[in-house]
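Okay, so here's the structure we're looking at.
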Amino acid sequence: MNVDLISDNNEGKQPETHKKSTVVVVDEDHPFDLESYISSYSGSTAIARLQHIATTCPAIAKPALRIGIQQLLESRDTHQYTHLTTLYNSLATSSEIIPINSKWVQETAQRNAKEKNKLETELKTYSSNMIKESIRMAHRDLGDYYRLVGENATALKHYTKCREYCTTSQHILEMCIIVLELLIEQKNYSHISTYVFKADSALDTQPSSATSTAPGTAPKKSAERDRVQTKLDLATALSSLGTGQYEKAASSFLRLGSLKSLEDWNGKLISGSDIAIYATLCSLATLSRSAIKAQVLENDNFGVYIEQEPYVRELLDAYMASKFHTVLAILQRYSTRHALDIHLAPHISALTVLIRNRALVLYFQPFQSIRLEKMGQAFGLSIPELEGYLVPLIQSGDIKGRIDSKNKATKSQDQRAQLYQKAVQTGNEIQSTNRKLLLRMALIHADLVVKAPKEKKGNNLASEHPSVAALYD
């Protein structure tokens, strides 16, 4: 796959995710089943993913747009339908052109306008009557309408307006969940945490329906609370991934409840396969192997997600077994799948760099010296490529060693020289301490110590510290 990677400078730190122009290729070495992939999604998420595929991968752009056009004919978004049809026709040959269904566009536009007028009239009526609950529901209905027709910005405006008329914590929670859905669809990651916090607060103020099983034991969470908490954890995880906080994203993904707890979010916003891929890549990029074993491989809840994408298990097993050539080969083979994901695409280059760097560090740790040829075979890399990856890691201090360019070997720092240097430093410190002691003894012997006045010596000090009093005798 021809995907530009970010610069490897400062490998020890989190790489910056500069988005460059990329062309994703689908071939035998980088397989991608479009129909199987898109069948996991529905609604606006499916359309957004198809559009992303069409603009990123020219090889399957036309099939992706055809599927999108067919799905839009079952929706009420006339603008998106017209846009995708026009985009498809610009790529298609004369025999493949799909004419715009003007009749459907006109009928749907009329239906949308009629419903819009009805909902706006209801809102005005309720506003004049000052009935808070009715106003809240009117704003919610208008938000639902604008979301159906593809005007997400206006929908978000009406959903947030509901907040002013919410009278219970349940209303606030419902509003936050809907807003989070929109923010995730819009990839507006920076604002997600705000509504997660509001939803958490509303969730905490709700009366608990749980009961204790025994005195002194913590009450079990209700099923409803678990479902809401899973959605909030997922929103937090996507926000962290979107903002490049990969370790926090891994922690949030691995904390998710069962796939069933996501309810309509599974498919509407994301699939179980996506969660398995996001969590695994973020974990490999940021967590130690002991943490991966405890939090990923031994996590029963996350095991359900891993089953959704079989190659994820293979990737984890290869990493834990130090089969780093296999790890990099799997990442390369499924790089098309990763690059065509709307949430993962801007970060896959950075995550791949971090995973490779951690693998290089782990491989080098047991050795005092290793030939670059052997190390290159273990990673499937040429010597020049390997040198290019190792130099920044040595410069950043992640690998304590140096490269012998003549013999093409990597050597750790000379432990004998380090021990000698430490011994010399310790000897210098002891010598300096002894000099000070000898000077002190010489001053006392020559009676050159300035004595404090007797009235200020203090009986308490002398009684508590006889050695101090002896200095003045």
Under 3.5 Å, is there a donor-acceptor pair between the side chain of [X] and the main chain of [Y]?
{"X": "Asn301", "Y": "Arg255", "result": "no"}
{"X": "Arg76", "Y": "Thr108", "result": "no"}
{"X": "Tyr81", "Y": "Asn101", "result": "yes"}
{"X": "Ser335", "Y": "Gln332", "result": "yes"}
{"X": "Arg358", "Y": "Leu287", "result": "yes"}
{"X": "Ser396", "Y": "Leu393", "result": "yes"}
{"X": "Thr230", "Y": "Leu262", "result": "no"}
{"X": "Asn299", "Y": "Leu254", "result": "yes"}
{"X": "His347", "Y": "Leu241", "result": "yes"}
{"X": "Ser252", "Y": "Ala249", "result": "no"}

N-O pairing of [X] and [Y] below 4.0 Å:
{"X": "Glu174", "Y": "Arg140", "answer": "no"}
{"X": "Asp77", "Y": "Arg147", "answer": "no"}
{"X": "Lys260", "Y": "Asp226", "answer": "no"}
{"X": "Glu181", "Y": "Lys231", "answer": "no"}
{"X": "Lys118", "Y": "Glu122", "answer": "yes"}

More than 12 heavy atoms of other groups within 6.0 Å of [X] [atom1]:
{"X": "Lys323", "atom1": "NZ", "value": "no"}
{"X": "Lys268", "atom1": "NZ", "value": "yes"}
{"X": "Arg163", "atom1": "CZ", "value": "no"}
{"X": "Glu35", "atom1": "CD", "value": "no"}

Are [X] and [Y] close enough that some pair of their side-chain heavy atoms sits under 4.5 Å apart?
{"X": "Thr236", "Y": "Ile192", "value": "no"}
{"X": "Thr86", "Y": "Ile100", "value": "yes"}
{"X": "Ser134", "Y": "Asn129", "value": "no"}
{"X": "Tyr319", "Y": "Ile330", "value": "no"}
{"X": "Phe364", "Y": "Leu390", "value": "no"}
{"X": "Ile178", "Y": "Cys176", "value": "no"}
{"X": "Lys161", "Y": "Glu164", "value": "yes"}
{"X": "Leu72", "Y": "Ser75", "value": "yes"}

Closest non-hydrogen atom pair between [X] and [Y], with its separation:
{"X": "Ala61", "Y": "Leu91", "answer": "CB-CD1, 4.0 Å"}
{"X": "Arg49", "Y": "Tyr37", "answer": "NH1-OH, 2.8 Å"}
{"X": "Val312", "Y": "Ala276", "answer": "CG1-O, 4.1 Å"}
{"X": "Glu120", "Y": "Leu142", "answer": "CG-CD2, 4.1 Å"}
{"X": "Asn266", "Y": "Ser271", "answer": "OD1-CA, 3.7 Å"}
{"X": "Ile172", "Y": "Cys166", "answer": "CG1-CB, 3.7 Å"}

In terms of side-chain heavy atoms, does [X] have a donor or acceptor partner in [Y] at a distance below 3.5 Å?
{"X": "Ser261", "Y": "Ser258", "value": "yes"}
{"X": "Gln245", "Y": "Ser240", "value": "no"}
{"X": "His338", "Y": "Asp341", "value": "no"}
{"X": "His158", "Y": "Tyr145", "value": "no"}
{"X": "Arg289", "Y": "Ser322", "value": "yes"}

Chi angles and distances behind the side-chain hydrogen bond (donor to acceptor under 3.5 Å, both in side chains) call for Thr85, Thr82: CA-CA 5 Å; Thr85 305; Thr82 305; over 6 Å; no
Tyr311 six-ring centre to Arg333 NZ/CZ under 6.0 Å and within 45° of normal: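 No cation-pi geometry.
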side-chain hydrogen bond (donor to acceptor under 3.5 Å, both in side chains) between Glu309 and Ser273, intermediate numbers included: CA-CA 5 Å; Glu309 198 66 53; Ser273 298; 3.2 Å; yes
Stepwise side-chain contact (heavy atoms from CB on, under 4.5 Å) check, Leu351 with Leu344: CA-CA 9 Å; Leu351 287 168; Leu344 188 60; 3.7 Å; yes
Test applied, side chain to side chain contact (heavy atoms under 4.5 Å, CB included); reference residue, Leu340; option that passes from Val24, Ile348, Leu34: Val24
side-chain contact (heavy atoms from CB on, under 4.5 Å) assessment of Leu315 paired with Leu284: CA-CA 10 Å; Leu315 178 62; Leu284 293 177; 3.8 Å; yes
Name of the residue among Phe302, Phe253, Tyr305 meeting ring pair (Phe, Tyr, Trp, His ring centres under 6.0 Å) with Tyr278: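 Exactly one candidate clears the test, Phe253.
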Separation of [Y] [atom2] from [X] [atom1] (nearest 0.5 Å):
{"X": "Ile277", "Y": "Cys282", "atom1": "CD1", "atom2": "SG", "value": "11.5 Å"}
{"X": "His191", "Y": "Gln186", "atom1": "NE2", "atom2": "CD", "value": "10.5 Å"}
{"X": "Tyr41", "Y": "Ile270", "atom1": "OH", "atom2": "CD1", "value": "7.5 Å"}

Trace of the side-chain contact (heavy atoms from CB on, under 4.5 Å) decision for Thr352 with Leu281: CA-CA 8 Å; Thr352 302; Leu281 293 180; over 6 Å; no
Ring geometry between Tyr165 and His139 (parallel below 30°, tilted from 30 to 60°, perpendicular above 60°):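 The arrangement is parallel - the two ring planes meet at less than 30°.
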Full working for side-chain hydrogen bond (donor to acceptor under 3.5 Å, both in side chains) between Tyr189 and His343: CA-CA 10 Å; Tyr189 304 113; His343 296 295; 2.7 Å; yes
Stepwise side-chain contact (heavy atoms from CB on, under 4.5 Å) test for Glu133 and Tyr126: CA-CA 9 Å; Glu133 177 61 13; Tyr126 296 144; over 6 Å; no
Intermediate values then yes/no, ring pair (Phe, Tyr, Trp, His ring centres under 6.0 Å), Phe379 and Tyr363: CA-CA 10 Å; Phe379 283 86; Tyr363 186 86; 5.4 Å; yes
Intermediate values then yes/no, salt bridge (charged side-chain N to carboxylate O under 4.0 Å, His left out), Asp274 and Arg337: CA-CA 10 Å; Asp274 294 334; Arg337 165 67 174 86; 2.8 Å; yes
